[in-house]
J.: 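Can you keep this structure in mind? I'll have questions shortly.
If you're wondering where the values come from, they're calculated on a predicted model, not measured in any experiment.
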Amino acid sequence: VPGPQECADLAAVEQIYRKYYPNDLGVAANSTALPVQSVDMRFVDPDSLLQPEGESTNQMVWVRFAQVLEPDLELHKVILGYMSDQSIAHIALQPHALGAYNPKLRFLSIDHSISFHRPMRADDWLLLVRCCESLTQGLALVTGSFYSKDGSLVASMSQTAYIRVNE
């Protein structure tokens, strides 16, 4: 897997997103107005996530908290829990060519869990490998694993979300 510095950041992903979904409004259109992004994300293969004709719901993204944190490991667990909920259900939409920021979409997180396996720092790069296991009748199940730069599994997560397209 390419390192985080070799991968597309959020600004690059926004440009790719506009190519595939030029009529979408919402967060993607206003992301540059955000004063500071608290989570730095670097997408390994953003085209495979965003292209409308795609079929895969697997995605790898490097994540880290943007500010340096105190060494308190409990704080790092809390921050990783927060980061694990960033746009996780959006990967369920990829095979359906809906666009993650489509103004007709509504998301509701029903259940989200995270298990910690090894000590880690949320302000160091972690590779999140996530996959939509199922999307049926508007209910999505997404799972993910967080790996340190040396390849150790540090945490795993799952999220169930309800996704609705308003007419």
J.: What I'd like to find out is whether the side chain of Arg121 reaches to under 4.5 Å of the side chain of Ser148, using heavy atoms alone.
T.: no
J.: Restricting to non-hydrogen atoms, name the atom on Leu135 and the atom on Ala92 that form the minimum distance, rounded to 0.1 Å.
T.: CD2-O, 3.4 Å
J.: Under the 3.5 angstrom rule, does the side chain of Arg118 hit a backbone N or O of Leu153 as a donor-acceptor pair?
T.: yes
J.: In terms of hydrophobic clusters joined by side-chain contacts under 4.5 Å, are Met83 and Leu75 together?
T.: yes
J.: Mind jotting down which residue pairs meet the salt bridge (Lys or Arg N to Asp or Glu O under 4.0 Å) criterion with at least one end in residues 131-157? Sequence neighbours excluded, please.
T.: none
J.: Taking Asn58 for its side chain and Cys131 for its backbone only, find out whether a donor-acceptor pair lies under 3.5 Å.
T.: no
J.: When you group the ILVMFWY residues by side-chain heavy-atom contacts below 4.5 Å and let the links chain together, are Val61 and Val44 in the same group?
T.: no
J.: Charged N to carboxylate O below 4.0 Å: is that the case for Asp40 and Arg64?
T.: yes
J.: Mind listing the closest non-hydrogen atom pair of Pro2 and Cys7 along with its distance?
T.: O-SG, 3.8 Å
J.: Kindly determine whether Ser109 and Tyr162 satisfy side-chain contact (heavy atoms from CB on, under 4.5 Å), including the steps that lead there.
T.: CA-CA 6 Å; Ser109 182; Tyr162 180 71; over 6 Å; no
J.: What is the minimum heavy-atom distance between Asp123 and Leu69, and which atoms define it?
T.: OD2-N, 2.8 Å
J.: Side-chain heavy atoms nearer than 4.5 Å, only ILVMFWY residues, links allowed to pass through others: does that put Leu128 and Phe43 together?
T.: yes
J.: How about CD on Gln5, more than 12 heavy atoms from neighbouring residues, nucleotides or ligands closer than 6.0 Å, or not?
T.: yes
J.: Between Leu139 and Ile110, is a side-chain contact (heavy atoms from CB on, under 4.5 Å) present by the stated rule, with each step listed?
T.: CA-CA 9 Å; Leu139 199 60; Ile110 296 172; 3.5 Å; yes
J.: Side chains of Met120 and Lys77: closer than 4.5 Å at any heavy-atom pair?
T.: yes
J.: Hey, what do you get for NE2 (His76) to CZ (Phe65), rounding to the nearest 0.5 Å?
T.: 10.0 Å
J.: Is there a donor-acceptor pair closer than 3.5 Å between any side-chain N or O of Arg130 and the backbone N or O of Ser84?
T.: no
J.: Identify the heavy atoms of Ala122 and Leu80 that sit nearest to each other, and give their distance.
T.: CB-N, 4.2 Å
J.: Would Tyr82 and Val39 count as a side-chain contact (heavy atoms from CB on, under 4.5 Å) if you check the C-alpha gap in whole Å, the side-chain angles of each, and the deciding distance to 0.1 Å?
T.: CA-CA 9 Å; Tyr82 166 76; Val39 179; 3.8 Å; yes
J.: Roughly how far, to the nearest 0.5 Å, is the CD1 atom of Ile114 from the NE2 atom of His112?
T.: 6.0 Å
J.: Rounded to the nearest 0.5 Å, how far does CG of Leu126 lie from OH of Tyr147?
T.: 12.0 Å
J.: Does any donor atom in the side chain of Thr143 or Ser158 lie under 3.5 Å from an acceptor atom in the other side chain?
T.: no
J.: Nearest 0.5 Å, what's the CE-OG distance between Met157 and Ser113?
T.: 7.0 Å
J.: With side-chain contact (heavy atoms from CB on, under 4.5 Å) as the criterion, how do Val1 and Leu127 come out once you've worked through the C-alpha distance, each side chain's angles and the decisive distance to 0.1 Å?
T.: CA-CA 9 Å; Val1 174; Leu127 180 66; 4.1 Å; yes
J.: Is there a side-chain contact between Val63 and Phe146 in this structure, where contact means two heavy atoms from C-beta onward sitting under 4.5 Å apart?
T.: yes
J.: Supply the atom-to-atom distance Leu141 CG to Asp111 CG, rounded to the nearest 0.5 angstrom.
T.: 9.5 Å
J.: Using atom types as modelled and distance alone, determine if a side-chain donor or acceptor of Trp125 lies under 3.5 Å from a backbone N or O of Gly3.
T.: no
J.: Mind checking the CG-CZ spacing from Leu73 to Phe116? Nearest 0.5 Å is all I need.
T.: 11.0 Å
